[in-house]
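All remarks here apply to the structure that follows.
In the text below, chain A, chain B and the rest are named by the order of the sequence lines, each starting its count at 1. Quick caveat, the model's predicted, so the values are computed rather than measured.
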Number of protein chains: 2
Amino acid sequence: MTSLSNAGAEAPATTSRPTMKQVAALAGVGIKTVSRVINGEPNVSAATIARVTDAARALDYQPDLHAGNLRRADGRSRTLGLLVGSVSNPFSGAVHRAVEEAAIERGVAVFASSLDDDPSREEQSVSAFLRRRVDGLILTTISPSQGYLAAEIRRGTPVVFVDREPSGVTADTVVSDNAAGAALAVRHMLAHGHRRIAYLGDRGDIQTARERRRGFLEELGRAGVATSSVPVIENLHDEAVTFDALLGLLSSEDPPTAVFSAQNLVTIGAIRALRARDLHHSVALVGFDDVPLADLLEPGVTVVAQNPQRIGQLAAERVFARLDGDDTPGARHIVPTRLIVRGSGEINAIG
Amino acid sequence: MTSLSNAGAEAPATTSRPTMKQVAALAGVGIKTVSRVINGEPNVSAATIARVTDAARALDYQPDLHAGNLRRADGRSRTLGLLVGSVSNPFSGAVHRAVEEAAIERGVAVFASSLDDDPSREEQSVSAFLRRRVDGLILTTISPSQGYLAAEIRRGTPVVFVDREPSGVTADTVVSDNAAGAALAVRHMLAHGHRRIAYLGDRGDIQTARERRRGFLEELGRAGVATSSVPVIENLHDEAVTFDALLGLLSSEDPPTAVFSAQNLVTIGAIRALRARDLHHSVALVGFDDVPLADLLEPGVTVVAQNPQRIGQLAAERVFARLDGDDTPGARHIVPTRLIVRGSGEINAIG
DNA sequence: GAGAATCGTGACATCGTTGTCAAACGCCGG
DNA sequence: CCGGCGTTTGACAACGATGTCACGATTCTC
């Protein structure tokens, strides 16, 4: 259907992209000379440089990076693979942005993909990255083991895990101080007189979520609160499910006086539920991870904020350091969280 | 520093990635046979397939997509370049997500980059994409002309512009119904008795912003409102600048009774300013483009919502259609907007 | 049972580029 | 005027894969 077209017209016909050979022919030089000019190698006469540059411009020539890579000594594709949790979460957006900023500075392009809580997409994306010969990987994971990466890591490909720690392999990991952040939230609510604090958590199969729960429960334990009396609801991974779960909890015979929501979207679902029962001014709420416009709500939402920019930046730094020869053992890099007080967490326990 | 290392140890030494040749050697077959097995070509005996598969697994072999592409007939890299406006804007995130979803379905990987309002990054990113031989481009633009893409488009590379129309080239374009959306907002406020409606707009050099202003002013004109009496403030591209601008306007001798904020972040800045003057219950506000948590604010924020998912999806559809042979002339695809009523836009004019 | 068609396989050229190497040229000193 | 040296240049192999083709071994056909 493409081919019948406009017979005899000026032929917009799909010409293919120009190659060095064509540039060389037009400039009347050898192809290696074109290569030299394009790559700024020395020992080319000024006149030749001009001829080649003109020819390249005339043909709108763009060198084929991959073909070059095939032969080039360092074998670097100047490409990175980034897998984030979910594009719908602002946390991921911020990480992406930070990684890209660092990458662009080095002339590295970023393949970005998102997991969307689908374990099969993890391995699939990584494989896609690897077949495209990325120089390094920055990964948020969800599948139970990252053992499938062992050989690749052994071969020297830098892999940095963000937001979640890997299992089955050792590598650089950049995470928020999840347990400590959760503990911070708990202390804050305890200080406001709460003893019956509900835990609303993300999927239990996410290691990060388990860390937050651990921090939460341990801090309650340290304060002498019997954890058996603490409502713990997990596997909440969106607003709607959280909404329903918290409504149920609030209707129970011994409802909590405070709520700790251990994730972004869970926090939003919790806010909606508290509003639906008109309890947003009487039940305290502290969320983990910041929420957009949290300060404009009534009351403002108190959160333990993460620092996604720093996480992305640090991850990129680690990848590039290893590409530059750093071969220290993989380590955990912990990015601190901080409590942002806005109102919802400072509601005192009644009685 | 890398090289002195652990003399005589088990040598974790950076082995390079395995090639087909190595797989072939291990399996005891020719390299072309490995190629056949990897690509699922017919006419290989079951026994050979098994031997090759085992060898590939043993070496953790991943085919080099780019090397293959060099020789492959269709010359497709199964790669797309996506340039969005700003990762910090949820609109961009949604577009990205939609594009990626469509891409992954076809086994295509996405290079994602963001413009962040820097014209020099536009051409730089496109060039980076092209050198990596992407099959198609989906671009949000900011520089005054996209003429630099003319040769590439003529060569048959599918280019789709999103959110902003290009100048200097003809190609598929996917945009919101900007003028009509703005007009919709105006009609809504007129219906609530407002005549003095302020326009708060994004950068005047962005074509999309100009469209929204046009829609705004034309609708006022149709309603017989003298546009000379309408405060129009432009070049607001973040919350802080908008905040200051609106505060100034509200302090003027004849302040507006309603505000139309023509962009996401501008809307948020406007909300903050209205709150700072405690006018959020008396001055009407309608924003263009939805804002996260808009329904939880007090009052809820009435907006003309765009449909970024649809925009991204449609853009991807166009790219793939052209890759599949569609050679109809480039066209504008307009995605409708819709008014979401939440409270702030239904405040009536006083008197 | 002979010839034809099909199957399974590998040698080789090739994709667009860069690394290696050697040739051609100009310049200098003796 | 010659030898040596540095500069400029291009021929050629190679990177890791696939397309083409030809070869030997089966299987089919009548």
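Between the side chain of A:R36 and the base of D:dG10, at least one donor-acceptor pair of N or O atoms lies under 3.5 Å.
For the pair A:R76 CZ and C:dG19 P, the computed distance is 14 Å after rounding to whole Å. For the pair A:K32 NZ and C:dG16 C1', the interatomic distance rounds to 13 Å; values are reported in whole Å. If you measure from atom CZ of A:R78 to atom P of C:dT17, you get 17 Å, rounded to the nearest angstrom. A straight line from CG of B:D74 to P of D:dT18 spans 12 Å, rounded to a whole angstrom.
Considering only residues two or more places apart in sequence or on other chains, A:R332 meets the side chain to side chain donor-acceptor pair (under 3.5 Å) condition with A:E165. Applying the side chain to side chain donor-acceptor pair (under 3.5 Å) rule to A:T141 yields no partners; only residues at least two apart in sequence or on another chain are considered. The side chain to side chain donor-acceptor pair (under 3.5 Å) test applied to A:Q207 returns no partner, not counting sequence neighbours. For B:F320, there are no ring-ring contact (aromatic ring centres under 6.0 Å, His included) partners at least two apart in sequence or on another chain. Applying the salt bridge (Lys or Arg N to Asp or Glu O under 4.0 Å) criterion to A:R72, with sequence neighbours excluded, gives no partner residue. Scanning for side chain to side chain donor-acceptor pair (under 3.5 Å) contacts around B:R106 gives B:D324, with sequence neighbours left out.
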request  = For A:R132 and A:S77, run side-chain contact (heavy atoms from CB on, under 4.5 Å): C-alpha distance rounded to whole Å, both residues' side-chain angles, the deciding distance at 0.1 Å, then the answer.
outcome  = CA-CA 9 Å; A:R132 288 182 173 81; A:S77 61; over 6 Å; no

request  = Output, in order, the C-alpha distance, side-chain angles, deciding distance and verdict of side-chain contact (heavy atoms from CB on, under 4.5 Å) for A:V319 and A:V99.
outcome  = CA-CA 10 Å; A:V319 168; A:V99 168; over 6 Å; no

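Close to C:dT17, at under 4.0 Å from its OP1 or OP2, lies no side-chain N or O of A:S35. Between B:T33 and the phosphate of C:dT9, there is no side-chain N or O to OP1/OP2 separation shorter than 4.0 Å.
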Between the protein and nucleotides 5-8 of chain C, are there any N/O to N/O pairs under 3.5 Å, and if so, what are the atom names and distances?
{"residue": "C:dG8", "atom": "OP2", "partner": "B:N43", "partner atom": "OD1", "Å": "3.4"}

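Counting all heavy atoms, side chain and backbone alike, B:L314 lies closest to B:H333 at CD2-CB, 3.8 Å.
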Sequence neighbours left out, cut at 3.5 Å: what donor-acceptor pairs do the side chains of residues 50-64 of chain A make with other protein atoms?
{"residue": "A:R51", "atom": "NE", "partner": "A:A27", "partner atom": "O", "Å": "3.0"}
{"residue": "A:R51", "atom": "NH2", "partner": "A:A27", "partner atom": "O", "Å": "3.2"}
{"residue": "A:T53", "atom": "OG1", "partner": "A:I49", "partner atom": "O", "Å": "2.5"}
{"residue": "A:D60", "atom": "OD2", "partner": "B:R155", "partner atom": "NH1", "Å": "3.4"}
{"residue": "A:D60", "atom": "OD2", "partner": "B:R155", "partner atom": "NH2", "Å": "3.0"}
{"residue": "A:D64", "atom": "OD1", "partner": "A:H66", "partner atom": "N", "Å": "2.9"}
{"residue": "A:D64", "atom": "OD1", "partner": "A:A67", "partner atom": "N", "Å": "3.0"}

Side-chain donor-acceptor contacts of residues 32-43 of chain A below 3.5 Å, not counting sequence neighbours, with atom names and distances?
{"residue": "A:S35", "atom": "OG", "partner": "A:N39", "partner atom": "ND2", "Å": "3.4"}
{"residue": "A:N39", "atom": "ND2", "partner": "A:S35", "partner atom": "O", "Å": "2.8"}

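A side-chain contact (heavy atoms from CB on, under 4.5 Å) with A:L137 holds for exactly one of A:V160, A:L83, A:L149, A:L82; it is A:L149. Tested against B:F161, the residues B:D172, B:I138, B:V169 include a single side-chain contact (heavy atoms from CB on, under 4.5 Å) partner, B:V169.
Note on the helix from C:dG1-D:dC30 to C:dG30-D:dC1: angle between the axes of the first and last five pairs equals 40°, rounded to 10 degrees.
Nearest nucleotide to the side chain of A:R133, out of D:dG10, D:dG19, D:dA17: D:dA17.
Proximity of a side-chain donor or acceptor of A:D116 to a complementary backbone N or O of A:S86 within less than 3.5 Å is not detected.
Comparing A:N39 and B:I49 against DNA chain C, the residue whose closest nucleotide sits nearer the 5' end is B:I49.
At a non-hydrogen distance threshold of 4.0 Å, B:T19, B:M20, B:I31 from residues 18-31 of chain B come into contact with DNA chain D. Contacts of residues 57-73 of chain B with DNA chain C (heavy atom under 4.0 Å): B:L70, B:R71.
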